[in-house]
**Q** 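Here it is, the structure in full.
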Amino acid sequence: MRRRGVAAGWIAFMFLTLLMAGRIAPAQDAETRYQRIAPIDQYLMDRAAEIALARSAAPSSVSGDAEVLVLGRKGYETAVKGKNGFVCVVERSWMSPFDEPEFLNPDQRLPLCLNPPAVRTHLPLTLKATALALSGMTKSQMFDAIKVAYQKKDLPLPAPGSMCFMLSKQQYFGRKYGNADPHVMFWFPQADHMNWGAGLPGSPVYIQQDSPDPITTFVISVAQWSDGTAAPTDTN
């Protein structure tokens with residue numbers, strides 16, 4: 001009986017150990033796995049599906065006449081010529097904040113539609129970060145390269161009025177945030193967020209102080225997806 005009790009206790013101990021390891025491993029795995037780009041095929045999409053996803057970032061009245069970029073093996077390519085100055089693109093996880101554990105995770109799909117000022121001043125960052133990622137740089141090397149690019153003024157600061165739509169139901173920010181919510185984003189050179197009332201309890205304005213790019217991003221949630229359907233209401 002004593003041997004059976006010891007054996008049962010040992011089995012229970014091993015079970016709990018494996019259970020806890022299963023809970024901890026994904027977080028540790030995310031920290032270590034995404035240090036440089038995975039094989040490029042994991043980031044690519046069917047061309048028609050990517051065009052549709054990119055356009056879903058904004059109402060059709062905006063995205064219908066927008067230029068559309070799709071990701072190819074050597075970077076973004078123009079898939080559809082535009083007429084209204086907007087550009088719709090599905091960004092990948094190398095456009096997430098550098099401190100996100102799933103930076104470079106192939107699963108993320110971040111469709112957005114840029115207005116003309118953002119096309120001039122945010123799109124160059126997207127193209128630069130994409131080129132660095134596809135070159136095989138590590139996460140830390142990308143951080144340093146983008147920091148230097150802003151210091152040398154090779155990358156522009158946001159032009160006045162720079163913004164984008166992120167209203168796609170199919171957007172996916174990774175396991176932590178999922179589809180998030182429909183929102184619009186405004187970019188400024190590093191700014192005083194208190195002028196926007198951002199980050200305060202009950203404020204609909206979320207702030208992100210970007211790094212290494214010297215940019216402040218204001219995020220404002222909206223009530224509808226791009227197809228006009230209502231977004232879920234946060235009841236917390």
Side-chain angles (χ1 to χ4, degrees), residues 40 43-96 107-131 133-134 154-173 177-189 196 204-206 208 210 213 215-232:
I40 183 62
Y43 300 88
L44 300 179
M45 295 181 61
D46 172 79
R47 189 178 182 88
E50 185 160 0
I51 292 171
L53 180 58
R55 281 181 162 156
S56 72
S60 58
S61 58
V62 173
S63 62
D65 287 329
E67 183 170 318
V68 180
L69 305 183
V70 297
L71 183 65
R73 293 184 176 276
K74 297 182 178 180
Y76 281 100
E77 309 163 353
T78 300
V80 180
K81 289 288 187 179
K83 302 176 183 177
N84 62 3
F86 281 74
V87 171
C88 297
V89 57
V90 181
E91 292 184 340
R92 301 314 200 262
S93 56
W94 49 76
M95 290 301 294
S96 299
D107 294 342
Q108 291 189 18
R109 297 291 183 269
L110 311 171
L112 49 82
C113 279
L114 305 162
N115 74 344
V119 170
R120 297 194 301 272
T121 55
H122 177 81
L123 186 59
L125 173 59
T126 301
L127 300 179
K128 176 72 171 180
T130 301
L134 295 184
D154 292 336
L155 286 174
L157 292 175
S162 295
M163 61 82 63
C164 76
F165 295 94
M166 293 194 78
L167 310 179
S168 176
K169 280 182 176 178
Q170 289 76 46
Q171 64 191 8
Y172 184 66
F173 291 84
Y177 300 108
N179 300 108
D181 59 7
H183 56 275
V184 293
M185 298 196 302
F186 298 84
W187 291 290
F188 292 84
W196 284 64
V205 184
Y206 169 77
Q208 177 179 307
D210 298 337
D213 35 315
I215 294 170
T216 297
T217 303
F218 293 101
V219 183
I220 302 177
S221 296
V222 298
Q224 293 183 331
W225 301 105
S226 62
D227 61 4
T229 57

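This is a predicted model, so every value here is computed, not measured. In what follows, every heavy atom counts, from backbone to side chain, and hydrogens, waters and symmetry copies are set aside.
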**Q** Please, which pairs that meet salt bridge (Lys or Arg N to Asp or Glu O under 4.0 Å) have at least one residue in residues 69-84, sequence neighbours excluded?
**A**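 Salt bridge (Lys or Arg N to Asp or Glu O under 4.0 Å) check on residues 69-84 returns D41-R73, R47-E77.
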**Q** Passes side-chain contact (heavy atoms from CB on, under 4.5 Å), I51 versus V70? Steps please.
**A** CA-CA 7 Å; I51 292 171; V70 297; 3.8 Å; yes
**Q** With sequence neighbours left out, write down each residue that passes side-chain contact (heavy atoms from CB on, under 4.5 Å) with P117, or none if nothing qualifies.
**A**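 Expected list: N115, R120, A159, S162.
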**Q** Can you give me the closest heavy-atom contact between V119 and G85, atom names plus distance?
**A**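 Smallest heavy-atom distance, with atoms named: CG2-O, 3.5 Å.
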**Q** Taking salt bridge (charged side-chain N to carboxylate O under 4.0 Å, His left out) as the test, write out the residues that go with E67, two or more places apart.
**A**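 Partners of E67 by the salt bridge (charged side-chain N to carboxylate O under 4.0 Å, His left out) criterion come out as none, since no residue qualifies.
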**Q** Tell me, please, which residues at least two apart from Q224 pass side-chain contact (heavy atoms from CB on, under 4.5 Å).
**A**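 Not a single residue meets the side-chain contact (heavy atoms from CB on, under 4.5 Å) criterion with Q224.
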**Q** Grab the two heavy atoms, one from L44 and one from L71, that are nearest each other, plus how far apart they are.
**A**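 Between these two residues, the closest heavy atoms are CD2-O, 3.6 Å.
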**Q** Of all residues at least two apart in sequence or in a different chain, which pass the ring pair (Phe, Tyr, Trp, His ring centres under 6.0 Å) check with F188?
**A**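 For F188 the ring pair (Phe, Tyr, Trp, His ring centres under 6.0 Å) partners, ignoring immediate neighbours, are W196, F218.
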**Q** Which donor-acceptor pairs under 3.5 Å do side chains of residues 59-66 form with protein atoms, sequence neighbours excluded?
**A**
from : atom 1 : to  : atom 2 : distance (Å)
S63  : OG     : R55 : O      : 2.9
S63  : OG     : A58 : O      : 3.4
S63  : OG     : P59 : O      : 3.3

**Q** Mind checking salt bridge (charged side-chain N to carboxylate O under 4.0 Å, His left out) for D107 and listing every partner two or more places apart, or none if nothing turns up?
**A**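 None.
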**Q** List the residues meeting side-chain contact (heavy atoms from CB on, under 4.5 Å) with A131, not counting sequence neighbours, and say none if there are none.
**A**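 Residues passing side-chain contact (heavy atoms from CB on, under 4.5 Å) with A131: none at all.
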**Q** Examine distances only and state if a side-chain atom of D210 and a backbone atom of T216 form a donor-acceptor pair shorter than 3.5 Å.
**A**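 No: the side chain of D210 does not pair with the backbone of T216.
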**Q** According to side-chain hydrogen bond (donor to acceptor under 3.5 Å, both in side chains), who are the partners of Q108, at least two apart in sequence or on a separate chain?
**A**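 Result, side-chain hydrogen bond (donor to acceptor under 3.5 Å, both in side chains) vs Q108: S96.
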**Q** For T229, enumerate each residue passing the side-chain contact (heavy atoms from CB on, under 4.5 Å) test, keeping only those at least two apart in sequence or located in another chain.
**A**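 Checked T229 against side-chain contact (heavy atoms from CB on, under 4.5 Å); matches are K169, W225, D227.
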**Q** With sequence neighbours left out, what residues match F86 under ring pair (Phe, Tyr, Trp, His ring centres under 6.0 Å)?
**A**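 Result, ring pair (Phe, Tyr, Trp, His ring centres under 6.0 Å) vs F86: none returned.
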**Q** Using the ring-ring contact (aromatic ring centres under 6.0 Å, His included) rule, collect all pairs that involve residues 55-79, keeping only residues at least two apart or in two chains.
**A**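 Checked against ring-ring contact (aromatic ring centres under 6.0 Å, His included) - neighbours excluded - no pair reaches residues 55-79.
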**Q** Taking all atoms of both residues into account, what is the closest heavy-atom pair of V68 and A54, and its distance?
**A**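 That closest heavy-atom pairing would be CG1-CB, 3.9 Å.
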